[in-house]
Undergrad: 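I'd like to ask you about the structure that follows.
Quick note on labels: first sequence line is chain A, next is B, and so on, each numbered from 1.
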Number of protein chains: 2
Amino acid sequence: MQRQTSQRTAIETVFRATKRPLAPQEILDAARDEVPTLNLATVYRTLKRMVEDRFLHPVELPGEPARYELQEAADKHHHHFRCGTCDSVFDLKGCVNGLSKLLPAGFHMSGHDIVIYGDCRACNA
Amino acid sequence: MQRQTSQRTAIETVFRATKRPLAPQEILDAARDEVPTLNLATVYRTLKRMVEDRFLHPVELPGEPARYELQEAADKHHHHFRCGTCDSVFDLKGCVNGLSKLLPAGFHMSGHDIVIYGDCRACNA
DNA sequence: TACTTAATGCAAATGCATTTGCAAGTGCAT
DNA sequence: ATGCACTTGCAAATGCATTTGCATTAAGTA
């Protein structure tokens, strides 16, 4: 049976506090504030478990390793913004129209991903 | 100085004949029709060279290794379609409006990627 | 045709992200 | 408070995609 450890709690807390997709190393850095001995292997083990348990959802961006966000955030259709300065990824609300117009004849669409690149608020300031 | 070898010619031919982004292994498979001894290491070396020479352009999709397409194709703004059945990637013409409406206040957009998932014409048939 | 040296094939080596073995640590049911 | 077995930390091991060393092959020029 699953145990509530301080490392798991710290990781959960990080996800609930930070409302954007996080990479394993980002999670480690943030969660170490609370549990300084936390290890990257434990982060990976916990992420894997949390995805299996549908608490987290993986977020893939072109050319980089997966980040993770709360499943409840993933349940609402949305897309992502990647800051080229701080490398953070943010959720974007909403979507666009007209995607199906891009499809060639005979192609069928089952889903889509949109990533916007640029600079975030903090990095613009 | 650069030499025109049969393997380089075969790889060029594959790209000009196949009008979609190709993964290294796909290139190997296709180019071996012409040069059966072609090796994956040579494909990688040649790809690297062709990107440096701006003959090819890398195409990154979420969660998978880079594919490559002709630079001249990349010069026209476009997006990609990935077939979930045959795993091929296709170019899509055109784009959509309204992307900047997705941006939170203070964020600045410098570019974007769109990937549509589904089944291609051949796999639907 | 002969020579110089870039390119190739093959196998071994890298570089990363991620996973795993194992001994020690620690929830939590009793 | 005790004990079982799930978790953790640490280091070593994987799994891939990609790169590299080296002996050999073969462009392209003289």
Undergrad: Going by number, which of residues 23-40 of chain A have a non-hydrogen atom under 4.0 Å from DNA chain C?
TA: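 Heavy-atom contacts with DNA chain C come from A/P24.
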Undergrad: Whole angstroms only, please: what is the CZ-C1' distance between A/R8 and C/dG25?
TA: 17 Å
Undergrad: For B/L92, which of B/I114, B/V115, B/I116 qualifies under side chain to side chain contact (heavy atoms under 4.5 Å, CB included)?
TA: B/I116
Undergrad: Quick check: on DNA chain D, is the nucleotide nearest B/Q7 upstream (toward 5') of the one nearest B/Y44, or the reverse? Name the residue that is more 5'.
TA: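 Mapping each residue to its closest nucleotide by heavy atoms, the 5'-most match is B/Y44.
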Undergrad: In sequence, state the C-alpha distance, the side-chain angles, and the governing distance for B/Q4 and B/T9, and then conclude on side-chain hydrogen bond (donor to acceptor under 3.5 Å, both in side chains).
TA: CA-CA 7 Å; B/Q4 192 61 28; B/T9 301; 2.8 Å; yes
Undergrad: Please give me the minimum heavy-atom distance between B/H80 and B/P21, naming the atom from each residue.
TA: CD2-CG, 3.8 Å
Undergrad: When you compare the protein's N or O atoms with those of nucleotides 28-30 of chain C, which come within less than 3.5 Å of each other, and at what distance?
TA:
unit_1: C/dC28; atom_1: OP1; unit_2: A/Q4; atom_2: N; d: 3.1

Undergrad: Rounded to whole angstrom units, what separation is found between the NZ atom of B/K48 and the C1' atom of C/dA6?
TA: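 The answer, rounded to whole Å, is 16 Å.
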Undergrad: Calculate, to the nearest 0.5 Å, the distance between atoms CG and CZ belonging to B/L47 and B/F55 respectively.
TA: 10.5 Å
Undergrad: Answer yes or no: is there an ion pair linking A/D87 with A/R82, defined by an N-O contact shorter than 4.0 Å?
TA: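 So A/D87 pairs with A/R82 through a salt bridge.
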Undergrad: Write down the distance between CD (B/E12) and P (C/dA7), rounded to a whole number of angstrom.
TA: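 Interatomic distance, CD of B/E12 to P of C/dA7: 13 Å.
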Undergrad: Of the options C/dG9, D/dA17, D/dT8, whose atoms approach the side-chain atoms of A/T46 most closely?
TA: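 Selected nucleotide: D/dT8.
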Undergrad: Walk me through it: do B/Q71 and B/M50 pass the test side-chain contact (heavy atoms from CB on, under 4.5 Å)?
TA: CA-CA 9 Å; B/Q71 179 65 51; B/M50 288 176 166; over 6 Å; no
Undergrad: Could you tell me the separation between the CZ atom of B/R45 and the C1' atom of C/dA6, rounded to a whole number of Å?
TA: 11 Å
Undergrad: Which label fits A/H79 and A/H112: parallel for a plane angle under 30°, tilted from 30 to 60°, or perpendicular past 60°?
TA: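 Correct class here is tilted.
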Undergrad: Within 45° of the six-membered ring axis of B/F90 and under 6.0 Å from that ring's centre, is NZ or CZ of B/R20 located there?
TA: yes
